[in-house]
Number of protein chains: 2
Amino acid sequence: MPRQTESRARLLDAALIVFRTRGYTATRVEDVCAEAGVTKGSFFHHFKTKEELAVAAAERFSEHADTLFAGAPYRAVADPRERLLGYVALRRALLDGPLPEVTCLLGTLVQETYEIHPAIGRAAGEHILAHADEVGAMAAAAKAACAPEADWSAEGLGRHIQAVIQGAFILAKAGGGTDAARECLDHLGRYLELLLPPVEEGRQAAA
Amino acid sequence: MPRQTESRARLLDAALIVFRTRGYTATRVEDVCAEAGVTKGSFFHHFKTKEELAVAAAERFSEHADTLFAGAPYRAVADPRERLLGYVALRRALLDGPLPEVTCLLGTLVQETYEIHPAIGRAAGEHILAHADEVGAMAAAAKAACAPEADWSAEGLGRHIQAVIQGAFILAKAGGGTDAARECLDHLGRYLELLLPPVEEGRQAAA
DNA sequence: TGATCCATACCGACTGGTCGGTATAGAAAG
DNA sequence: CTTTCTATACCGACCAGTCGGTATGGATCA
């Protein structure tokens, strides 16, 4: 009953970590099976192909992230500027741990597959952009409150925030470690603070 | 005799583009040979292994970049703040073209190999950090001129700039295209402008 | 001048291991 | 007994790397 469903879930969770460690192409189906404690027969019962697993894993990763962020404390912050800064602070705090566990599966996948496995690249890319749009919505609220006349778009800022986070992961993998990544998020936070001057009682900053 | 050396160079140049298109693992040695118009026999005459090719390609990419930037006009700008902004503007301008031709081989390689091919990951990572340090040196000059008391480090800012650029590539691959990448570099430029207030005649901005 | 030798570059058929995917049969559940 | 899931043996394509061989050109010496 839930046993069957459990194998599928175990395979997906295994994929999350194995793909982030070895990348898509270099991961063997049996690597995922071993990590999940399941055999190949079971794997191909649940997924038609390795590619299908990757698409499903991107989906699952995205759902995990949505759940995590939906329940995070920063969500309840009333002031939109502080809420946006709270998001960045959370992303910074999430940098604690080994790289394959803290980095983003979607960024890894899209980079490796965008030209050669369109289905995977598209799935991963869409989830990245969707998440960027959610952040963009927060940015829109903050912009409306702090810098309504500014000549940048909130959606663009949401994408920029995602880019900095993805870039921080690459920097960490390049040898900078999570410290360098954290420093990047500090710069990002500082940028947002400068870009969104806090509203003082009844006053609003211009662009 | 320069003919022979030419084959090696052709293989390296082919590797630059093929690795950026297909990634390291998914590229077959024969893909590189085909792109270079050279046979497998010739390949293994010049490189002991595919891994060795990747390390050499990272090196070559880095040299290409160094040459490009060393000869660029922004280098001659006297004002350190404008010089740094000029670098970012150049990076933005370089975004014109198909993704596999404008993206960074080093970021691609490090992401895919950092856990499974230490030699490649190390080489790519070191070149990224070395380039970040060069940018960091420019940032140091700008900081000294515009914000000597600021509580961020120039090296950290150099790394941040690299991270934004790498992140912009991922965003582009995620479906945002080069437009989204350009927008990121616009944000980066704006950040630097805010961070480094221009020095007015004889005055210096504080942190 | 040209005959001999050698080093470097190049060629492509072949091999041995790897790995995605299949076949098939058994276990568990209902 | 049927359906769903798991296990294992197996297949065949693929591909990094090998190997025996050819081509080219420069040096050496009579």
Side-chain angles (χ1 to χ4, degrees), chain A residues 1-58 60 108-109 112-113 115-121 123, chain B residues 1-19 21-58 60 109 112-113 115-121 123:
Chain A
M1 21 143 66
R3 269 287 295 304
Q4 37 225 206
T5 320
E6 197 179 301
S7 276
R8 193 188 147 91
R10 290 171 65 81
L11 283 164
L12 280 172
D13 284 336
L16 295 193
I17 151 86
V18 180
F19 281 151
R20 279 183 289 176
T21 307
R22 311 185 46 79
Y24 173 75
T25 312
T27 331
R28 291 167 302 146
V29 168
E30 295 190 273
D31 292 335
V32 179
C33 293
E35 178 76 22
V38 150
T39 62
K40 227 175 162 181
S42 180
F43 178 96
F44 281 102
H45 173 74
H46 293 288
F47 301 97
K48 270 218 322 272
T49 62
K50 178 181 159 186
E51 189 174 60
E52 189 182 300
L53 170 72
V55 172
R60 184 176 181 89
T108 305
L109 283 181
E112 192 178 346
T113 65
E115 280 280 354
I116 55 177
H117 295 280
I120 304 174
Chain B
M1 57 153 43
R3 268 290 295 301
Q4 38 224 213
T5 320
E6 197 179 300
S7 275
R8 194 188 145 90
R10 290 171 65 81
L11 284 164
L12 280 171
D13 284 336
L16 295 193
I17 150 86
V18 180
F19 281 150
T21 306
R22 312 186 45 83
Y24 172 74
T25 312
T27 355
R28 291 167 299 146
V29 168
E30 294 188 90
D31 292 335
V32 179
C33 294
E35 178 75 23
V38 151
T39 63
K40 220 174 166 180
S42 179
F43 178 95
F44 281 102
H45 174 73
H46 292 287
F47 301 97
K48 269 219 324 272
T49 63
K50 179 180 156 186
E51 189 175 62
E52 188 180 301
L53 170 72
V55 172
R60 185 176 181 90
L109 283 180
E112 193 179 345
T113 65
E115 280 281 353
I116 55 177
H117 294 281
I120 303 174

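A note on names: the letters A, B, ... follow the listed sequences, proteins ahead of strands, and every chain is numbered from 1.
Nucleotide D/dC5 holds its P atom 16 Å from the CZ atom of A/R10, rounded to whole Å. Atom pair B/F47:CZ and C/dC10:P shows a separation of 11 Å (rounding to whole Å applied). Rounding to whole angstrom units, CZ of residue B/F44 and C1' of C/dA13 are separated by 14 Å. Separating the CZ atom of A/F43 from the C1' atom of C/dG21 is a distance of 10 Å, rounded to the nearest angstrom. Separating the NZ atom of A/K48 from the P atom of C/dG20 is a distance of 17 Å, rounded to the nearest angstrom. Rounded to whole Å, atom P of D/dT6 lies 4 Å from atom NE2 of A/H46. Going from atom NE2 of B/H117 over to atom C1' of D/dA16 covers 12 Å, rounded to whole Å.
Remark: A/K50 is not positioned above the aromatic ring of A/F43, lacking an NZ or CZ atom under 6.0 angstrom from the ring centre and at most 45 degrees off the axis.
For the pair B/L12/B/F47, a side-chain contact is recorded, criterion being any heavy-atom separation below 4.5 Å from C-beta on.
Here the closest heavy-atom approach between residue B/L11 and residue B/V32 is recorded as O-CG1, 3.7 Å.
For DNA chain C, the neighbouring residues in residues 21-31 of chain A, judged by any heavy atom under 4.0 Å, are A/T27, A/R28, A/V29.
The residue among A/E51 and B/V38 whose nearest nucleotide of DNA chain C is located toward the 5' end is B/V38.
Between atom OG1 of residue B/T21 and atom CG of residue B/D31 there is a gap of 10.0 Å, rounded to the nearest 0.5 Å. To the nearest 0.5 Å, the span separating CG on B/D13 from CD on B/E6 amounts to 10.5 Å. For the atom pair CZ (B/R10) and NE2 (B/H46), the distance works out to 11.0 Å, reported to the nearest 0.5 Å.
B/K40 comes within contact range of at least one nucleobase, with a heavy-atom separation under 4.0 Å.
At D/dT6, none of the side-chain N or O atoms of A/H45 fall inside 4.0 Å of OP1 or OP2 (strictly under the cut-off). In this structure, A/S7 reaches the D/dT6 phosphate: one of its side-chain N or O atoms is under 4.0 Å from OP1 or OP2.
Aromatic ring orientation, B/Y24 versus B/F19: tilted (interplanar angle from 30° to 60°).
Picking from D/dG17, C/dG21, C/dC11 the nucleotide with the shortest atom distance to the side chain of B/S42 gives C/dC11.
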